[in-house]
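Here's the structure, in structure tokens; my notes come after.
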Protein chains: 2
Amino acid sequence: MYRNLMYICFRKEIALQLVMIKNMKNSQLYKGSLNTIIMKLLEENGKMYGYEITQKVKAITSGELNITEGALYPALHKLEAEGILDVEMEKVDNRMRKYYKLTEKGTTETVNRLSELEDFIRNMQSLVNPSPKLEF
Amino acid sequence: MYRNLMYICFRKEIALQLVMIKNMKNSQLYKGSLNTIIMKLLEENGKMYGYEITQKVKAITSGELNITEGALYPALHKLEAEGILDVEMEKVDNRMRKYYKLTEKGTTETVNRLSELEDFIRNMQSLVNPSPKLEF
DNA sequence: TCCTATACATAATACTATTAGGTATTTAAA
DNA sequence: TTTAAATACCTAATAGTATTATGTATAGGA
């Protein structure tokens with residue numbers, strides 16, 4: 001019964017597509033949180049390069065959140081233009097890397113963003129879980 | 001010293017504007033969560049009308065989240081077009097109200113959305129708070 | 001050899017939300 | 001009593017972000 005489906009699924013292209021669908025399922029909710037994620041990771045790790053950020057996020061969220069490059073790079077450029085990030089080029093293994101780190105302004109701004117994120121999460125939990133069960 | 005500022009602030013228009021600024025601070029993060037919020041509120045309250053939803057959200061979030069009408073009404077119309085919501089007109093005090101409620105499909109879909117929201121919140125907390133303090 | 005992974009980037013498109021209007025009734029305040 | 005605010009719906013122009021689909025280029029494994 002499911003042989004044909006199994007066979008089809010094992011074909012690389014379709015398997016990859018299934019992985020994409022799985023990972024993309026809740027992308028809508030992540031809209032607007034990219035900058036906060038980038039800034040928090042940089043606050044924690046000092047300096048990071050773009051590709052590293054995508055991999056780190058994927059690892060932390062067990063593959064559930066995949067930052068697309070089309071979103072990441074423009075976001076990094078914009079944060080740099082706003083004076084939130086500083087950039088520093090480095091050549092590793094003949095490949096170019098652009099390391100980003102928080103400026104002083106960026107560090108201050110990160111504190112604000114994180115407190116906003118806490119408010120956001122608290123509010124969303126209030127909306128979704130209106131009568132929290134108290135546990136003793 | 002602050003007399004002039006106080007005077008200015010007590011002028012209605014500017015006072016209102018200051019409230020707006022306070023409430024708008026973290027709007028970026030809420031992008032993408034509107035549909036989930038609407039669906040959850042309807043799941044909980046059976047049926048609601050648009051204006052009621054904005055007031056309910058404002059109340060639950062202590063005024064921190066104000067759903068704009070330009071976002072709410074198009075969202076409701078779209079959910080209706082997708083078969084997630086049913087609509088029912090009612091005239092109260094000579095004013096028209098459009099009550100929305102979840103369809104069967106909408107109820108099923110709400111379960112999915114809420115589990116996606118839980119994943120989202122969990123992932124965001126992992127990103128922001130990488131080493132959670134265990135409390136016993 | 002060819003595909004995957006690494007590492008950057010951008011252009012076209014889609015989607016969502018904000019801003020800023022509009023209509024109309026009821027109620028509270030000045 | 002006139003005015004403003006609250007209630008209740010709506011949409012169009014604009015802004016902003018993300019997805020999708022490309023492109024370039026090097027390194028390494030099947």
Side-chain angles (χ1 to χ4, degrees), chain A residues 11-13 15-17 19-21 23-38 48-59 65-82 87-100 120, chain B residues 11-13 15-17 19-21 23-38 48-59 65-82 87-100 120:
Chain A
R11 283 174 53 199
K12 254 179 312 208
E13 298 81 2
L16 267 172
Q17 219 169 337
V19 169
M20 294 284 283
I21 290 163
N23 290 337
M24 295 306 195
K25 62 171 179 177
N26 49 0
S27 53
Q28 215 52 235
L29 288 165
Y30 293 92
K31 279 175 194 283
S33 55
L34 181 55
N35 286 350
T36 306
I37 291 172
I38 292 172
M48 297 179 84
Y49 55 100
Y51 186 77
E52 189 185 6
I53 292 174
T54 65
Q55 299 311 301
K56 191 84 179 178
V57 168
K58 202 184 289 183
L65 175 55
N66 286 294
I67 294 180
T68 58
E69 296 176 319
L72 177 68
Y73 292 112
L76 288 172
H77 300 160
K78 202 186 172 198
L79 288 172
E80 190 193 346
E82 287 169 351
V87 71
E88 189 187 316
M89 305 287 285
E90 207 171 302
K91 202 164 193 174
V92 179
D93 286 329
N94 214 33
R95 261 198 238 97
M96 196 55 76
R97 281 183 188 169
K98 284 181 77 173
Y99 278 98
Y100 290 90
F120 168 67
Chain B
R11 283 174 53 198
K12 258 177 308 209
E13 298 83 2
L16 267 171
Q17 219 169 338
V19 169
M20 294 285 282
I21 289 163
N23 290 338
M24 296 306 197
K25 61 173 181 177
N26 50 358
S27 54
Q28 215 50 234
L29 288 165
Y30 293 92
K31 279 176 195 284
S33 55
L34 181 55
N35 285 350
T36 306
I37 291 172
I38 292 171
M48 297 179 84
Y49 56 98
Y51 187 77
E52 189 185 5
I53 292 174
T54 65
Q55 299 310 302
K56 191 84 177 176
V57 168
K58 202 185 290 186
L65 175 55
N66 285 296
I67 295 180
T68 58
E69 297 178 321
L72 177 68
Y73 291 112
L76 288 172
H77 301 160
K78 202 187 172 198
L79 288 172
E80 190 193 346
E82 287 169 353
V87 71
E88 189 187 316
M89 305 287 285
E90 206 172 303
K91 202 163 191 172
V92 179
D93 287 328
N94 214 33
R95 261 198 237 94
M96 196 56 77
R97 282 183 187 170
K98 283 180 75 173
Y99 279 97
Y100 290 92
F120 167 67

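Bear in mind that the values here come from a model prediction, so they are computed numbers and not experimental data. The sequence lines fix the lettering, A, B, ..., with proteins before strands; numbering per chain opens at 1.
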**Prompt:** Excluding sequence neighbours, so at least two apart, what forms salt bridge (Lys or Arg N to Asp or Glu O under 4.0 Å) with A/E80?
**Reply:** none
Polar-atom pairs under 3.5 Å, protein N or O versus N or O of nucleotides 11-16 of chain D: list them with distances, or write none.
from, atom 1, to, atom 2, distance (Å)
D/dT11, OP2, B/H77, ND1, 3.4

**Prompt:** Which heavy atom of A/S33 sits nearest a heavy atom of B/F120, and at what distance?
**Reply:** OG-CE1, 4.3 Å
Identify all side-chain donor-acceptor contacts of residues 93-100 of chain B below 3.5 Å with residues at least two apart in sequence or on another chain.
from, atom 1, to, atom 2, distance (Å)
B/R97, NH1, B/Y99, OH, 2.9
B/R97, NH2, B/Y49, OH, 3.3

**Counterpart residues, salt bridge (Lys or Arg N to Asp or Glu O under 4.0 Å), relative to B/K78 (two or more places apart)** = B/E82
**Asked** Any idea which heavy atoms bring B/P74 and B/A71 closest together, and the distance?
**Response** CD-O, 3.7 Å
**Fill in**
Rounded to whole Å, CZ of B/R97 lies from C1' of C/dA24 at a distance of 15 Å
**Request:** Of all the heavy-atom pairs spanning A/L34 and A/A75, show the shortest one and how long it is.
**Result:** CD2-CB, 3.9 Å
**Listed partners of B/Q55 passing side-chain contact (heavy atoms from CB on, under 4.5 Å), at least two apart** = B/Y51, B/K58
**Prompt:** Rounded to the nearest 0.5 Å, how far does CD1 of B/I37 lie from CD1 of B/I53?
**Reply:** 10.5 Å
**Request:** Choose from C/dT26, C/dA7, C/dA9 the nucleotide whose nearest atom is closest to any side-chain atom of A/K98.
**Result:** C/dA9
**Message:** Closest approach to the side chain of B/L34, judged atom by atom: which nucleotide of D/dT20, C/dA17, D/dT26 is it?
**Reply:** C/dA17
**Message:** For C/dT6 and A/R95 - does any side-chain N or O of the residue sit under 4.0 Å from the phosphate oxygens OP1/OP2?
**Reply:** no
**Message:** Whole angstroms only, please: what is the CG-C1' distance between A/N94 and C/dC8?
**Reply:** 14 Å
**Prompt:** Could you state the CD1-P distance from A/I38 to D/dT17, rounded to the nearest angstrom?
**Reply:** 11 Å
**Prompt:** When the distance from CD1 of A/I67 to P of D/dT19 is rounded to whole Å, what number comes out?
**Reply:** 9 Å
**Fill in**
Sorted by number, residues from residues 48-58 of chain A placing a heavy atom under 4.0 Å from DNA chain D are none
